[in-house]
Number of protein chains: 2
Amino acid sequence: MSKLPSLKNLSYLLALHQHQNFNRAAQACHVSQSTLSSGIQNLEEQLGCQLIERDHKSFLFTGMGEEVVDQARRILTATEELLYFAQSQGKIMEGPLRMGCIPTIAPFILGDLSKSLQRNYNKLSLNIREDTTANLLHLLRNGELDVVVLALPMDIQGNQSYVLGRDPFKLVMHKQLAESLAEPIDYSQLPDQSIFLLEREHCLTGHAVAACELAESVKINPFTATSLHSLVQMADAGRGATFIPQMAIDRGILNGTDLVALQPKGQQASREIGLVYRPTTNRRQTFRKLAECIADLLPERLLQ
Amino acid sequence: MSKLPSLKNLSYLLALHQHQNFNRAAQACHVSQSTLSSGIQNLEEQLGCQLIERDHKSFLFTGMGEEVVDQARRILTATEELLYFAQSQGKIMEGPLRMGCIPTIAPFILGDLSKSLQRNYNKLSLNIREDTTANLLHLLRNGELDVVVLALPMDIQGNQSYVLGRDPFKLVMHKQLAESLAEPIDYSQLPDQSIFLLEREHCLTGHAVAACELAESVKINPFTATSLHSLVQMADAGRGATFIPQMAIDRGILNGTDLVALQPKGQQASREIGLVYRPTTNRRQTFRKLAECIADLLPERLLQ
DNA sequence: AAAAATGAATTGATAATTCCGATTATCATA
DNA sequence: TATGATAATCGGAATTATCAATTCATTTTT
């Protein structure tokens, strides 16, 4: 069996892939350009295949190179985790924790969460990244995040998760509109284009549509919002309706508007909030405690 | 950030864990005892924690040591796979392939499988390990096997799988017993202790009991068989009944006995045959082709 | 068109490391 | 008290990694 490639050389390859330039990659690795260059050549020799096509000046990763990069990233992430795990043994709630969160959850838990963590685990330094579900899962996979908070159900791509709690959707409607309608409210009573939704990228849109059994409908306004806060403003200004998660209402997102929250039809219109992590992690204890903290902030706790 | 532990030192730790002796571990790694010894110390320093408790003569892995071993094994397996993958690029059906198979499947496919592989992919060298489901999954996890063939449904513990085909169970019964019973046969007609089964460890027992809706029953003979072949012999000699998978019958397991195969009651009494591999593998193409070969040998092919 | 700048490979000297063999220390057992 | 087994330690030899400087080939600027 031939010799295994060294982690150092694999990390050089990753840096080169990230920076697409030998000098900058070398700087990032705190080594000279020549070191990185020969490291890559070394790797190609050990692996017995070409990883980058050199083109006298520039270069391009080969297909094989890209694949090796992916695999190398996994190996390095696992090794970093091992190191971190060993070094912080016993201290499961200390040090940095990189958490991702989707924008329809983040504003409504982060304040309380950081207060709670500060009180109970003041040596934990929580680092937050707010982004879409797809991007967060990608960052999780690449080892750039330790854990992400998502709305479920959702394909979490081989990752593992804790289900933290349920967050019901409320039908939020302008006072005037609500008064003009008979209860219980049937969506067919609503004027055309009176339902406002978030942009497609937000999984909340899909969850709300599914949970409330709204098909593609003329009731839906073609203008979409980019955040829950602007969604509320649009529904208010447009004297229309929308769906807002309970946790946002609890944090006062409707304050200062003429909107009222009603129970939507459809049994149990809600999303679940989940904490997702890599199956290969060794920080389950940390995530478990974090899960407890977050679950305590949710409208309906589900964590067993 | 501190320096990552080297793969070499991690492999020393694994060897030490396996051999529980510095000299033998060093031999296995083709290094001197002193090298291995200082490698371990080095590792402990880098990780900032004690991995083995020294007891002036012998030693013992600490809890942390055991955990590090597990994680290290995953890292090394991933790296070996990367090396293998790169070195054999394009040659997906060449070189060694370590396959595990449970004993109630192995004897009935291996002959035809190795013929088929020899004909189509003669550079592939198939290495077989026959063992229980639990052991095979353990070896798969540890990187000692590349792929395993199991009966499903089964908890495959975060691994991935192809479903290859369905293998129906037949109710196999001694001629005399069959003649004495009215068709269609109801298990309540059978004499007490007339149903023979395999030992518990064999998942076939569970599958057959579940599929044929046999509860814990006085009909079941307390003596259990250790292989399908001896199960057949016991049913024959005891003038009783048992359940045998179609693939075994197709390969003539009933030849030379006074047993007849009947359709058991219960809709679709069968097991599925699956090919299971690590989610982190990079040999999916290889496994896919192997899956094709095996699926072609099964009574009912399911692979899409 | 010439000059300057850019980017990667190469070179040669030097620093760091790995590795081995020999030795030592400790204990169990004959 | 020897003897044997085991792991740690030490010192030097061999190997490897790294850097600064240079080269080579392009691209950009003047």
Side-chain angles (χ1 to χ4, degrees), chain A residues 1-47 49-62 65-66 68-69 72 76 79 83, chain B residues 1-62 64-66 68-69 72 76 79 83:
Chain A
M1 195 195 71
S2 13
K3 233 188 79 180
L4 289 177
S6 77
L7 293 180
K8 207 183 303 186
N9 284 350
L10 291 180
S11 74
Y12 292 166
L13 188 72
L14 278 201
L16 184 61
H17 187 257
Q18 191 178 61
H19 294 99
Q20 292 290 324
N21 172 300
F22 276 73
N23 278 295
R24 286 196 295 277
Q27 270 185 285
C29 296
H30 310 290
V31 295
S32 70
Q33 171 262 318
S34 68
T35 299
L36 190 129
S37 175
S38 62
I40 301 289
Q41 288 175 58
N42 214 307
L43 201 53
E44 286 185 309
E45 190 156 344
Q46 283 175 358
L47 297 184
C49 65
Q50 207 179 352
L51 300 176
I52 55 182
E53 280 180 57
R54 280 112 172 136
D55 161 78
H56 280 291
K57 172 79 182 168
S58 187
F59 61 88
L60 209 70
F61 274 75
T62 63
E66 296 280 350
V68 171
V69 164
L76 283 164
T79 314
L83 179 64
Chain B
M1 194 194 70
S2 16
K3 234 188 79 181
L4 289 177
S6 77
L7 293 180
K8 208 181 302 186
N9 285 350
L10 291 180
S11 75
Y12 292 165
L13 187 73
L14 278 201
L16 184 62
H17 187 256
Q18 194 178 74
H19 294 99
Q20 291 290 326
N21 173 301
F22 276 74
N23 277 297
R24 287 196 295 278
Q27 271 185 287
C29 295
H30 310 291
V31 296
S32 72
Q33 172 263 317
S34 67
T35 300
L36 191 129
S37 174
S38 61
I40 301 289
Q41 288 176 60
N42 214 307
L43 199 54
E44 287 185 308
E45 190 156 347
Q46 283 175 357
L47 297 184
C49 64
Q50 206 177 353
L51 300 176
I52 56 182
E53 278 179 58
R54 280 108 172 142
D55 164 80
H56 273 164
K57 168 80 183 167
S58 186
F59 61 87
L60 207 70
F61 274 73
T62 62
M64 175 60 62
E66 296 280 351
V68 172
V69 164
L76 284 164
T79 314
L83 180 64

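To find a chain, count down the sequence lines: A is the first, B the second, and so on, and within it residues start at 1. Every value quoted in this text rests on a predicted model; they were computed, and no experiment measured them.
- Taking atom CD1 of B:I40 as the reference point, atom P of C:dT18 lies 14 Å away to the nearest angstrom.
- At the phosphate of C:dG7, OP1 or OP2 sits under 4.0 Å from a side-chain N or O atom of A:N21.
- As a whole-Å value, the separation of B:I52 CD1 from D:dA8 C1' is 11 Å.
- In summary, the side chains of B:S37 and B:S34 do not present any donor paired with an acceptor at a separation below 3.5 Å, with no hydrogens or angles considered.
- If you measure from atom CD of A:Q50 to atom P of C:dA8, you get 16 Å, rounded to the nearest angstrom.
- In this structure, the CZ atom of A:F22 is 15 Å from the C1' atom of D:dT26, given to the nearest Å.
- Between B:L36 atom CG and D:dT6 atom P the separation is 14 Å, expressed in whole Å.
- Rounded to whole Å, the distance from NE2 on A:H30 to P on D:dT18 is 13 Å.
- Residues A:Q33 and A:K8 each lie close to DNA chain D; by heavy-atom proximity, the contact nearer the 5' end of the strand is made by A:K8.
- No side-chain donor from either of B:Q27 and B:H19 sits under 3.5 Å from a side-chain acceptor of the other.
- Of the listed nucleotides (C:dG7, D:dA20, C:dA9), D:dA20 has the atom at the smallest distance from the side chain of A:S34.
- Looking at the side chain of B:S32, the nearest of the listed nucleotides D:dT6, C:dC20, C:dA8 is C:dC20.
- Counting only heavy atoms from C-beta outward, the side chains of A:I52 and A:L60 never approach each other to under 4.5 Å.
- Taking atom CD of A:E53 as the reference point, atom P of C:dA9 lies 13 Å away to the nearest angstrom.
- Close to D:dT16, at under 4.0 Å from its OP1 or OP2, lies no side-chain N or O of A:N42.
- Taking 4.5 Å as the limit, some side-chain heavy atom of B:L76 sits within range of a side-chain heavy atom of A:L4.
- Of the candidates D:dC19, C:dC20, D:dT9, the closest approach to any side-chain atom of B:Q41 belongs to D:dT9.
- Listed candidates were D:dT18, D:dT9, C:dA8. Nearest to the side chain of B:S37 is D:dT9.
- Closest to the side chain of A:F59, out of D:dA7, C:dA8, C:dC20, is C:dA8.
- The phosphate of C:dA9 (OP1 or OP2) has a side-chain N or O of A:R54 nearer than 4.0 angstrom.
- The nucleotide whose nearest atom lies closest to any side-chain atom of B:V31 is, among D:dA8, C:dC20, D:dT18, C:dC20.
- The CG atom of A:N23 sits 14 Å away from the C1' atom of D:dT22 (whole-angstrom rounding).
- Here the closest heavy-atom approach between residue A:A15 and residue A:C29 is recorded as CB-SG, 3.5 Å.
- Within the structure, a side-chain polar atom (N or O) of B:Y12 is placed less than 4.0 Å from OP1 or OP2 of C:dC19.
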